[in-house]
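Written below as structure tokens is the structure these notes are about.
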Amino acid sequence: MFSALSALSAFSAASAAAARRRGAGRLVATTVVSGLVAAGAMVTAGTAVADEVPRSQGGATATITGLKTYGPAVIHDNGQDQQVSAGLFEMSVDNGGMLQTYCIDLHNPTQRDAKYQETSWSGTSLNGNKDAGRIRWILQHSYPQVNDLAALAEKAGASGLTEQDAAAGTQVAIWRYSDGADVDAVNPQAEKLADYLQKSARSMPEPKASLTLDPPAISGHAGQKVGPITVRTDADSVTVTPPADAFASGVKVVDKDGRPITSAANGSRLYFDVPKDSPDGSAALSLQASTTVPVGRAFASETRSQTQILAGSSESAVSATATATWAAEGAIPALSAEKNCAEGGVDVTAANAGDAPFTFELMDGEHTVAAGKSLTVTVPLREDQAYAFAVTGANGFEKRFTGMFDCKTQGSASDVTTQTVGEPSPAALDATSTGGTDLAETGGSTATPIITGTAIALVVVGGGITLLLRREKTPTRD
């Protein structure tokens, strides 16, 4: 139960569009991070327009608003003890809704007003963590999902448990599994809860996404149904917003039988119905829904800000965008990228639904994707590094991928501070603190530079980098 937040259902559609061109392309590293600009548009092949790709595969997008319910904890490391705030954050969801989260990235800072995006465990420090499922168990069996504090206290043997104790004890138990931290709650009742949760936790599977589209990019020939795109969601119903200018262009979003679609559900398969005489081009569709985001979903920041895990959700707005590219003949590439923590980089996938090979250069290497095939290349990245890539080619083809590569928990007790990034000095923490102050932060170093969405260090991918070719396959189609 989401006890601390009222249900919010304000929601608005968000459309996105992409400008794409067919032709050979090359992937290069850029030196500027651009903001993601989404504008609904139908695009033909004659204009050189940059296509900035959404960083996520869909779901909820939110802004962190503060550490709201918390108590003191002490981290022990290499003979050092450091007192920090441990507890429950709140986030405000874009277009309506509120989230409650705990930290799973103790040694990174929390950026004030940082933007977060729902993501899979594989794209966070939970990747490869054998105890990730135990963290989900803790979330399901403690505060705020369990808001009967008397019952929770009885199970934990922690009489007089307050909300602050419950939040602190839950966060401490999570840190023991997410970061392998030697950490104790200061309050004895909170510590009893932490010990109970740690000892009782059992592994649970990763929760499914609130809303994603698979794949996020497709391609095909004009005069055919381009697709399918499969909807994955826990919402009862999803609103489908067709491409901008769809009426004028004749492009429709349909089901497998060619019937126009305005709403969808989990498992729905969507197609772009492109008229035969359509000029080469591309379009984007957006899907929106209002749902309760599943407990245990991870939230990663666009900047270097602590990764969070969901503890509770009001009714919240979620969205996802997919793009389609079509042409009459030749190579017809569909490009996408996804962070891959297991491989230590970003997977750039090129699928070619055309009738001719698609050749592109990736740094110093040239790669060719045969007609009807796809190829994924992993670009290795350093930890805590911003990145910006652009796929460019003939006729003004350009597609950009940007983001932050943050896959590990690392550091020591000396790296942890109650400082909110942007404040001049660490905030003092009283053992009787009950919360409600400004982002009393549970991670980061006093030596960590302030990092914002528009001022972040970019990875420069040099000519000597090794690129990993991971797989080649035939794009799935009906």
Side-chain angles (χ1 to χ4, degrees), residues 4-5 33-36 55-56 60-73 75 82-119 124-125 164 167-168 171 175 178-179 298-313 316 384-386 402-406 409-411 415-430 433-458:
L5 302 173
V33 168
S34 301
L36 297 183
R55 298 176 185 177
S56 75
T61 302
T63 301
I64 197 163
T65 58
L67 182 62
K68 298 298 185 181
T69 308
Y70 61 90
I75 300 171
Q82 178 136 7
Q83 186 165 299
V84 297
S85 298
L88 202 58
F89 287 87
E90 288 184 7
M91 293 189 186
S92 176
V93 180
D94 293 356
N95 299 316
M98 295 295 291
L99 308 176
Q100 290 178 312
T101 62
Y102 288 106
C103 164
I104 53 171
D105 192 8
L106 177 59
H107 298 285
N108 268 330
T110 300
Q111 305 292 336
R112 187 186 302 277
D113 298 325
K115 295 285 288 186
Y116 280 81
Q117 175 66 50
E118 179 184 344
T119 189
T124 73
S125 56
Q164 290 73 33
Q171 177 66 92
W175 278 336
S178 65
D179 292 73
F299 278 78
S301 175
E302 297 176 356
T303 61
R304 189 189 171 195
S305 189
Q306 286 178 338
T307 305
Q308 305 280 316
I309 194 165
L310 189 68
S313 168
S316 297
D384 293 331
Q385 196 71 62
T402 65
M404 170 65 67
F405 192 72
D406 180 10
T409 59
Q410 54 190 356
D415 295 326
V416 182
T417 174
T418 56
Q419 179 181 3
T420 300
V421 172
E423 291 181 351
S425 61
L429 179 62
D430 191 304
S433 173
T434 59
T437 62
D438 226 4
L439 261 174
E441 199 254 309
T442 51
S445 168
T446 53
T448 302
I450 298 173
I451 304 171
T452 68
T454 58
I456 51 181
L458 290 174

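Counting begins at 1 with the first residue of the sequence. Any value given below was found using the heavy atoms of this structure, including those in side chains, with hydrogens, waters and symmetry copies removed. Quick caveat, the model's predicted, so the values are computed rather than measured.
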* Structure fact -> Closest non-hydrogen atoms of His107 and Asp179, given as atom of the first, atom of the second and distance, are CD2-OD2, 4.1 Å
* To do: Please round to the nearest 0.5 Å and tell me the distance separating atom CG of Asn108 and atom SG of Cys103.
  => 8.5 Å
* How long is the gap from CZ on Phe299 to CD1 on Ile309, to the nearest 0.5 Å? -> 10.5 Å
* Asked: Nearest heavy-atom pair of Thr69 and Ala167: which atoms, and what distance?
  -> O-CB, 3.3 Å
* Asked: Ala114: what forms a side chain to side chain contact (heavy atoms under 4.5 Å, CB included) with it, not counting sequence neighbours?
  -> Ile64, Gln111, Tyr116, Ser301, Thr303, Ser305
* Asked: side chain to side chain donor-acceptor pair (under 3.5 Å) with Thr124: which residues, sequence neighbours excluded?
  -> none
* OG on Ser85 to CD on Gln164, rounded to 0.5 Å -> 12.0 Å
* Test side-chain contact (heavy atoms from CB on, under 4.5 Å) applied to Glu118 and Leu310, step by step -> CA-CA 9 Å; Glu118 179 184 344; Leu310 189 68; over 6 Å; no
* Could you tell me whether a side-chain N or O of Gln171 sits under 3.5 Å from a main-chain N or O of Tyr102, the two making a donor and an acceptor? => no
* Taking atom CG of Leu88 and atom CD of Gln308, what is their separation to the nearest 0.5 Å? -> 9.5 Å
* To do: Indicate yes or no: at least one non-hydrogen side-chain atom of Gln306 is less than 4.5 angstrom from one of Pro109.
  => no
* Asked: Only one of Leu106, Ile104, Asp105 clears side-chain contact (heavy atoms from CB on, under 4.5 Å) with Trp175; which?
  -> Leu106
* Asked: Distance from Thr65 atom OG1 to Glu90 atom CD, nearest 0.5 Å?
  -> 5.0 Å
* Asked: Gly87 and Tyr70: which non-hydrogen atoms are nearest, and at how many Å?
  -> CA-CB, 3.7 Å
* Structure fact -> Heavy atoms of Val93 and Ala62 approach each other most closely as CA-CB, 3.9 Å
